[in-house]
J.: 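Dropping a structure here in structure tokens format, bear with me for questions.
These numbers come from a predicted model, not from an experiment.
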Amino acid sequence: MPSYQTKSQTSALLRRTQQCNPGHMAPQREKVSFVAVDGMKTFLVSAYWEHRTEQKEVHVLAVVLRSKTQSYRCHLCCQDQLHISEGVGKIHGDHFNFAYGTAEIVCPIPSGCETLSHVAVTSSAANSEDKRDQEFLEVKNQEAKTDSFPYTFTVCISTMFEYTNVLQLVQSLEMLQLLGVNRVVIYKTSCSPKIQRILDYYTRKGLVEVIPWSVSRFVNVSRGWLPEHGPGDLHYFGQIPALCDCTYRYMYESKYVALQDIDELILPQSVNSWLELLPLLENKYGADRCYMFENNVFPITVTQPPPNSQTPPPQSWQNVSGVNILDHLYHEPITEATHFSNFKIIVSPRAAFTPTVHGLLDSVNGCKWVDRNIARMYHTRAAKQPNLKPDQLIYDGRLLNYNTHLTPAVNTVLRESGLLPEGSIQ
């Protein structure tokens, strides 16, 4: 596991005589407080106590300009005393050649510091005495835990932008609950009013936590995953720093996290829930690993009935906007080019160090591919192989096994959200 052994760990402490009286706190009402570091092309996202390294550290998640050499100074509020140490920047390897990338600024915690509340980051060239423009972030994850987590499964969704797909959102959230998920974290940039109504509904129910994701106020985000796919300075709406934040945020809140999109479902094949699936995976592949699930694309451009009498019951969703996943039960064949692409994972967050779009760059015990006959991912989206003919697609009706509970649950949510008239439910 990473230890970031640098000179900052042997001579980290520069000053210990000042009273800790932060000049300005980042707004604590905001779940993520983006803070620009004065005079640097660095934007802070959040700060977490890192308990897993040999020396205790604060990891400040950030977005940084990769081409500029950055030298940081950390200002740590510890038992009302201000400790100043050298920060070490680590840029994550997956930046997809965009100008900005995700980074962690590692701030060593001095010995004897048991209560660390806030941290600010400045340029090492800044005047240490001038705290007027420093914004202090709350340091989260104060206490490490190994069991008794509030949630068993948390799903991290990043990022939601200009989203309008009402029906698939509701179906996916209800399916996740059937699989045993009890928390879904959505990093939201923008959505339609109807989607906001659905998010508010699930927030009141306690399933969803919405994290306002406003990184676009600080850096020009791209709509594509490569620079040639769309202009911008940061990969795909800041997806990677959002996933990193979610993994740290639920480090000691959830036994497992799944890093996936809202149009993806990881379905077990021999059991019906993740609660039953994870013991099978840990027994077969080992514990404290990330489990990678093969991506199967179910194109929304093709609607065919099942090849037998197994059909979904009637639904009354014609006037509800979005994709009906029950209409798309045929997936594209897995080819050599697509077999190991666009997969997603379930992992213990305490075993994950460096999340990325697909999988982990660094983890405790590595990752293992899950046999598709044990579980695989169902990805209902635009076609990835658009030239295929309908008879070249492969039927998979596994989703229908959940429909006895799924359709009534979806109807209830749509009705209670005011998106489905009472008389339209059959």
J.: Report the distance from atom SG of Cys290 to atom CD1 of Ile346, rounding to the nearest 0.5 Å.
T.: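 That separation rounds to 10.5 Å.
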J.: Between the side chain of Arg197 and the main-chain N/O of Ser417, is any donor-acceptor distance below 3.5 Å?
T.: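 The answer is yes, because a donor-acceptor pair under 3.5 Å joins these two groups.
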J.: What's the spacing between Leu277 CG and Ser270 OG if we round to 0.5 Å?
T.: 7.5 Å
J.: Quick one: do Arg52 and Phe353 satisfy side chain to side chain contact (heavy atoms under 4.5 Å, CB included)? Show the steps, please.
T.: CA-CA 9 Å; Arg52 300 169 296 173; Phe353 277 103; 3.5 Å; yes
J.: Can any side-chain N or O of Gln168 pair as donor or acceptor with the backbone N or O of Arg381 at less than 3.5 Å?
T.: no
J.: Taking the ring centre of each residue, are His328 and Phe298 less than 6.0 Å apart?
T.: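 No, too far apart.
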J.: Looking at Trp274 and Ile266, would you say the former's side chain and the latter's main chain have a donor-acceptor pair under 3.5 Å?
T.: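 Such a contact is found between Trp274 side chain and Ile266 backbone.
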J.: Out of the candidates Asn324, Leu329, Val323, only one should pair with Asp327 under the side chain to side chain contact (heavy atoms under 4.5 Å, CB included) rule; please name it.
T.: Asn324
J.: Is Lys140 paired with Glu253 through a side-chain N to carboxylate O contact shorter than 4.0 Å?
T.: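 No, Glu253 and Lys140 are not salt-bridged.
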J.: Give the minimum heavy-atom separation between Cys78 and His83, together with the two atoms involved.
T.: CB-CD2, 3.5 Å
J.: Go through Ser192 and Thr164 one step at a time and tell me if the side chain to side chain donor-acceptor pair (under 3.5 Å) criterion holds.
T.: CA-CA 5 Å; Ser192 69; Thr164 61; 5.8 Å; no
J.: Can you check whether Phe218 and Phe34 have ring centres sitting under 6.0 Å from each other?
T.: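 Aromatic pair counts; centres sit under 6.0 Å.
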J.: Examine distances only and state if a side-chain atom of Gln260 and a backbone atom of Cys156 form a donor-acceptor pair shorter than 3.5 Å.
T.: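 Between the backbone of Cys156 and the side chain of Gln260 there is no qualifying donor-acceptor contact (under 3.5 Å).
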J.: Between Ile105 and Cys74, which heavy-atom pair has the shortest distance, and what is it?
T.: CG2-SG, 4.5 Å
J.: With rounding to the nearest 0.5 angstrom, report the CZ to CG distance, Arg289 to Leu281.
T.: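 CG of Leu281 is found 12.0 Å from CZ of Arg289.
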J.: Is Glu294 salt-bridged to Arg376, cutoff N-O under 4.0 Å?
T.: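 Salt bridge absent between Glu294 and Arg376.
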J.: For the ring pair (Phe, Tyr, Trp, His ring centres under 6.0 Å) test, which of Tyr291, Phe343, Phe293 pairs with Trp369?
T.: Phe343
J.: Check whether Tyr202 reaches the backbone of Val184 with its side chain - one donor and one acceptor, N or O, closer than 3.5 Å.
T.: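 It does not hold such a pair.
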J.: Just verifying a value: how many Å separate Tyr252 OH and Trp49 CH2, rounded to the nearest 0.5 Å?
T.: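 Between atom OH of Tyr252 and atom CH2 of Trp49 there are 11.0 Å.
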J.: Would you tell me whether Lys41 and Gln70 have side-chain atoms, one donor and one acceptor, within less than 3.5 Å of each other?
T.: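 Lys41 vs Gln70: no donor-acceptor pair found between side chains.
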J.: Treating Tyr248 as the side-chain partner and Pro349 as the backbone partner, does any N or O pair qualify as donor plus acceptor under 3.5 Å?
T.: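 Flag not set: sc Tyr248 to bb Pro349 has no pair under 3.5 Å.
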J.: Using a 6.0 Å cut-off, check whether atom NZ of Lys145 has over 12 heavy atoms from anything other than its own residue.
T.: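 Atom NZ in Lys145 is crowded, with more than 12 foreign heavy atoms closer than 6.0 Å.
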J.: With side-chain hydrogen bond (donor to acceptor under 3.5 Å, both in side chains) as the test, pick out the partner of Thr53 among Gln55, Lys56, Glu57, His51.
T.: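 Considering Gln55, Lys56, Glu57, His51, a side-chain hydrogen bond (donor to acceptor under 3.5 Å, both in side chains) with Thr53 is found only for Glu57.
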J.: Can Asp288 and Arg350 be counted as an ion pair, charged N to O under 4.0 angstrom?
T.: no
J.: Could you point out which residue of Trp213, Phe161, Tyr100 forms a ring pair (Phe, Tyr, Trp, His ring centres under 6.0 Å) with Tyr236?
T.: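 With Tyr236 as partner, ring pair (Phe, Tyr, Trp, His ring centres under 6.0 Å) holds for just one option, Phe161.
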J.: Any donor-acceptor pair under 3.5 Å linking the side chain of Glu143 with the backbone of Asn141?
T.: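 Flag not set: sc Glu143 to bb Asn141 has no pair under 3.5 Å.
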J.: Within a radius of less than 6.0 Å around NZ of Lys68, do more than 12 heavy atoms belonging to other residues, nucleotides or ligands occur?
T.: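 Buried by this count: over 12 neighbours within 6.0 Å.
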J.: Show your reasoning for whether side chain to side chain contact (heavy atoms under 4.5 Å, CB included) applies to Val155 and Val257.
T.: CA-CA 6 Å; Val155 172; Val257 295; over 6 Å; no
J.: Working to the nearest 0.5 angstrom, can you tell me the gap between Gln177 CD and Ser172 OG?
T.: 11.5 Å
J.: From the options Asn296, Asp261, Asn342, Asp263, select the one residue that forms a side-chain hydrogen bond (donor to acceptor under 3.5 Å, both in side chains) with His379.
T.: Asp263
J.: Are Arg183 and Leu207 close enough, and set up right, to give a side chain to side chain contact (heavy atoms under 4.5 Å, CB included), and what steps lead you there?
T.: CA-CA 5 Å; Arg183 193 63 154 178; Leu207 175 68; 5.8 Å; no
J.: Take atom NE2 in His229; do more than 12 heavy atoms of anything else shown fall under 6.0 Å from it?
T.: yes
J.: Evaluate the side chain to side chain contact (heavy atoms under 4.5 Å, CB included) criterion for residues Val166 and Leu414: first the C-alpha distance (whole Å), next the side-chain angles of each, then the deciding distance (0.1 Å), finally the verdict.
T.: CA-CA 9 Å; Val166 172; Leu414 294 173; 4.2 Å; yes
J.: Verify whether one side chain among His59 and Glu104 offers a donor that lies under 3.5 Å from an acceptor in the other.
T.: yes
J.: Determine, stepwise, if the pair Arg223 / Glu162 fulfils salt bridge (Lys or Arg N to Asp or Glu O under 4.0 Å).
T.: CA-CA 11 Å; Arg223 292 172 176 263; Glu162 299 175 2; 2.5 Å; yes
J.: Check the surroundings of atom CG in Asn319: do more than 12 heavy atoms from other residues, nucleotides or ligands lie under 6.0 Å from it?
T.: no
J.: Using modelled atom types only, decide if a donor and an acceptor are shared between the side chain of Tyr187 and the backbone of Cys246 within a distance under 3.5 Å.
T.: yes
J.: With a cut-off of 6.0 Å (strictly less than), are more than 12 heavy atoms of other residues, nucleotides or ligands near NZ of Lys188?
T.: yes
J.: Which atom pair, heavy atoms only, marks the closest approach of Asn295 to Ser341?
T.: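 Closest pair (atom of Asn295, atom of Ser341, distance): CB-O, 3.6 Å.
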